[in-house]
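Quick note: numbers below take in every heavy atom, side chains included, and nothing from hydrogens, waters or symmetry partners. Chain naming here is simple, since letters A, B, ... match the order of the sequence lines and numbering starts at 1 in each. Keep in mind the model is a prediction, meaning the values are calculated, not measured.
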There are 2 protein chains.
Amino acid sequence: MATIREIAEKAGVSVGTVSFVLNGKSEKMRISAATKERVLVVARELGYLPSISARRLRNSEEKQTPIITILWTLDARASLISRFLQGIQKKSSFKDGMFELLIQPYENGKLNEVESLHTGTRFNGAIIANASEEDLDYLEKTNLNVPLVLYQRYSKKYSTVNVDSKLTGREVAEYLFEKGHKKVGIVVPTISSQAVDYRLEGFLSAVKDLGMENLYILRDNFTEQGGYSVIKSLIKKSKKLPTVLFFLSDPMAVGAILACHELGVRVPDDLEIIGHDNDDQTAYTFPPLTTVHLPVEEMAVASVNQLLDTINQRLTTPVSLQFRSELLIRKSTK
Amino acid sequence: MATIREIAEKAGVSVGTVSFVLNGKSEKMRISAATKERVLVVARELGYLPSISARRLRNSEEKQTPIITILWTLDARASLISRFLQGIQKKSSFKDGMFELLIQPYENGKLNEVESLHTGTRFNGAIIANASEEDLDYLEKTNLNVPLVLYQRYSKKYSTVNVDSKLTGREVAEYLFEKGHKKVGIVVPTISSQAVDYRLEGFLSAVKDLGMENLYILRDNFTEQGGYSVIKSLIKKSKKLPTVLFFLSDPMAVGAILACHELGVRVPDDLEIIGHDNDDQTAYTFPPLTTVHLPVEEMAVASVNQLLDTINQRLTTPVSLQFRSELLIRKSTK
DNA sequence: TTGTACGCGTTATCAC
DNA sequence: GTGATAACGCGTACAA
């Protein structure tokens with residue numbers, strides 16, 4: 001709370017002196033040791049905290065580069081953020097210093113509590129990831145005067161970067177149909193996510209269209225533990241298993257593989273398993289997991305570019321970018 | 001580059017008007033549509049980018065809270081950052097709004113290129129994670145006027161938060177000795193890391209002290225792929241395998257398990273495997289991985305608290321905090 | 001060591 | 001009704 005002016009007053013010196021002392025330039029400026037000490041003591045008493053904004057405003061020879069923030073939820077989906085960031089780092093203008101990047105965690109469903117979206121005092125634009133339905137609702141209803149890009153969500157109001165999740169669901173179903181599956185099942189994480197809903201919808205409608213039977217829609221939490229326990233109880237309880245299970249989350253599929261091992265269900269012979277995202281680990285499970293590759297890295301770069309274009313006012317109306325996902329066949333399917 | 005004053009001049013209006021238009025308050029302030037349009041056009045021509053610092057400085061009824069930054073490398077170790085952040089979120093004063101948290105990626109070995117450490121124009125303090133030897137060197141030599149805490153590194157100059165990595169290495173060796181192992185091996189990621197070096201050192205010296213034989217020190221990159229390929233070539237080439245292999249990285253251990261499966265080496269019967277970190281996935285490999293639990297969450301909170309204390313000048317000399325890691329026995333060891 | 005102009009957006013006050 | 005003016009926030013750095 002205290003400013004250097006208050007310190008100056010209490011210590012009986014000028015603001016210049018305080019500034020020098022506090023920045024370790026007292027030697028260069030030949031401030032006396034006594035004065036220095038006095039200033040330091042008062043600063044401590046007053047709990048001085050330098051104002052970053054003021055400092056920065058003054059030093060603004062630092063060329064003005066846009067500050068962009070990634071709003072990401074701090075939950076189990078954290079694994080994808082590393083791919084997102086690596087995508088940005090490797091393939092964008094980040095390394096040329098064309099923008100500054102911040103990551104700001106937020107709690108799922110509580111986007112409305114992120115003050116800086118209103119005040120505009122933190123960043124020039126934001127990429128919002130993992131927005132829940134409430135969060136989207138909030139965004140649609142509120143008039144934010146900050147450039148935004150939504151990652152993996154749809155909106156008419158803002159630019160978006162997506163994969164066609166319905167198509168993904170459909171393609172997986174078609175693949176299973178080609179492989180001769182008749183009875184299938186799907187496992188859905190209990191998170192509020194448009195993308196997940198669309199994958200489910202696309203899958204179920206294609207299953208129906210193709211004349212297959214969907215035996216189960218199972219739900220549990222997003223993690224390995226969720227996949228593990230949902231499959232354990234499925235296997236224990238029911239006689240009839242599908243021939244394949246599509247997990248809308250890789251960690252869940254990983255957990256499921258262990259459950260199968262423990263209960264003597266052979267993957268892929270007794271049960272085939274397909275995941276979603278292509279997390280790093282999935283190539284090294286036993287057996288390696290067949291999964292849908294989500295082009296996170298490319299989408300990350302696209303999100304940043306969209307946002308920069310919006311900030312620079314090269315883009316005046318919202319744009320929707322659509323990417324394609326791709327089924328990676330590994331050993332957990334036949 | 002352009003300021004609202006320049007826009008005002010070019011558009012032939014006052015700065016107040018420009019500000020109102022740019023903030024969507026033109027209605028409320030009853031600015032004529034023509035003026036509004038003129039301002040908007042000029043702003044676009046000039047490529048106006050609002051100065052976040054100026055904005056923020058003005059709005060500083062926003063109570064001053066310290067801004068702290070986590071400097072984290074954007075490499076494979078990304079999995080740990082999610083645990084780090086979750087630790088902060090769940091157990092610290094973050095949720096009370098006592099500080100603002102930013103994450104700033106940096107490239108390993110290039111900490112010296114992080115300008116804001118010099119200028120002090122971004123944050124009130126920083127937690128530095130994954131510093132390489134060069135980075136540490138840089139920190140020791142340079143006089144940064146910014147409060148710092150080093151995560152998982154030692155320093156006399158700055159406060160640090162660590163686990164006793166030598167002790168970890170020693171304890172693993174002792175456990176193996178108790179279990180009757182005679183011939184062991186260790187796999188080391190090829191990253192520059194004090195913590196890794198200490199674990200290795202502690203392990204090797206204890207192995208020697210206890211009269212066991214260390215057959216291999218294998219090195220490859222930090223990832224699943226690294227562990228996979230190093231073990232594949234080990235098994236293919238050599239006749240004599242150790243009875244246990246200690247991996248100083250969980251992902252490597254995960255990759256190794258798959259390599260073993262593929263080559264018919266049974267885990268743990270033919271070869272026992274121990275990892276390090278207790279990544280989320282390790283509880284769900286097949287078999288579940290015995291690993292060293294790194295108390296990332298607790299260390300994260302401690303780092304934040306140390307840093308806040310330093311920023312608030314409650315702490316005037318560097319403090320070193322030491323945590324204990326813990327061996328989690330699962331099924332990849334007998 | 002001190003005094004003070006400066007950086008830039010916001011907003012309350014004042015004027016036409 | 002519309003719009004201009006100026007004070008303000010706070011740390012920095014240069015002239016005195």
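For Leu102(B), the side chain to side chain contact (heavy atoms under 4.5 Å, CB included) partners two or more places apart in sequence, or in a different chain, are Leu102(A), Ile67(B), Thr69(B). Residues passing the side chain to side chain contact (heavy atoms under 4.5 Å, CB included) test with Thr142(B), sequence neighbours excluded: His118(B), Tyr138(B), Leu144(B).
Side-chain contact, Thr73(A) with Glu107(A): no donor N or O sits under 3.5 Å from an acceptor N or O. Side-chain contact, Ser155(B) with Thr160(B): no donor N or O sits under 3.5 Å from an acceptor N or O.
Here dT1(C) presents its P atom at 16 Å from NZ of Lys28(A), a figure rounded to the nearest Å. Atom CD in Glu37(B) sits roughly 18 Å away from atom C1' in dG3(D) (whole-Å rounding). In this structure, Glu6(A) atom CD and dG11(D) atom P are separated by 9 Å, rounded to whole Å. Atom CZ in Arg38(B) sits roughly 12 Å away from atom C1' in dT2(D) (whole-Å rounding). With rounding to whole Å, Tyr48(A) atom OH is found 10 Å from dT12(D) atom C1'. Distance, Arg30(A) CZ to dA16(D) P: 18 Å, rounded to whole Å. Atom CZ of Arg56(B) is separated from atom P of dG9(D) by 17 Å (rounded to the nearest Å). The distance between atom CD1 of Ile7(A) and atom P of dT2(C), rounded to the nearest whole Å, is 14 Å.
In this structure, Arg55(A) reaches the dT12(D) phosphate: one of its side-chain N or O atoms is under 4.0 Å from OP1 or OP2. In terms of phosphate contacts, Arg58(A) brings no side-chain nitrogen or oxygen within less than 4.0 Å of OP1 or OP2 of dC10(D). Residue Asn23(A) places none of its side-chain N or O atoms closer than 4.0 Å to OP1 or OP2 of dG11(D). Residue Lys25(B) has no polar side-chain atom (N or O) positioned under 4.0 Å from OP1 or OP2 of dT10(C).
Nearest nucleotide to the Ile31(B) side chain, out of dC10(D), dC8(C), dG3(D): dG3(D). Set against dG9(D), dT10(C), dT1(C), the side chain of Thr35(A) has dT1(C) as its closest nucleotide.
Shown here is Glu9(A), whose CD atom has no more than 12 heavy atoms of other residues, nucleotides or ligands within 6.0 Å.
Nucleic acid contact for Ser19(B): base, since at least one base atom lies under 4.0 Å from a heavy atom of the residue. Using a 4.0 Å heavy-atom cutoff across all strands shown, Ser53(A) reaches no nucleic acid atom at all. Across all strands, Lys36(B) comes closer than 4.0 Å to no nucleic acid atom at all (heavy-atom distances). Contacts of Leu22(A) with the nucleic acid, taken as non-hydrogen atoms under 4.0 Å apart, are absent.
Counting only residues at least two apart or in different chains, salt bridge (charged side-chain N to carboxylate O under 4.0 Å, His left out) contacts with residues 35-46 of chain A are absent. Under the ring pair (Phe, Tyr, Trp, His ring centres under 6.0 Å) criterion, the residue pairs touching residues 96-117 of chain A are Phe94(A)-Phe99(A), with sequence neighbours excluded.
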Legend entry - Derivation and outcome, side chain to side chain contact (heavy atoms under 4.5 Å, CB included), residues Leu307(B) and Leu148(B): CA-CA 7 Å; Leu307(B) 187 56; Leu148(B) 293 183; 5.7 Å; no
Check nucleotides 14-16 of chain C for protein N or O atoms closer than 3.5 Å to its own N or O atoms and list the pairs.
none

Between protein and nucleic acid, restricted to nucleotides 4-6 of chain D and to nitrogen or oxygen atoms under 3.5 Å apart, what atom pairs and distances do you find?
from	atom 1	to	atom 2	distance (Å)
dA4(D)	OP2	Ser14(B)	N	2.6
dA4(D)	OP2	Ser14(B)	OG	2.9
dA4(D)	OP2	Thr17(B)	OG1	3.1

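In this structure, Asn130(A) and Asn108(A) approach most closely via the heavy-atom pair O-ND2, 3.1 Å.
The distance from the CG atom of Leu49(A) to the OG1 atom of Thr65(B) is 8.0 Å, given to the nearest 0.5 Å.
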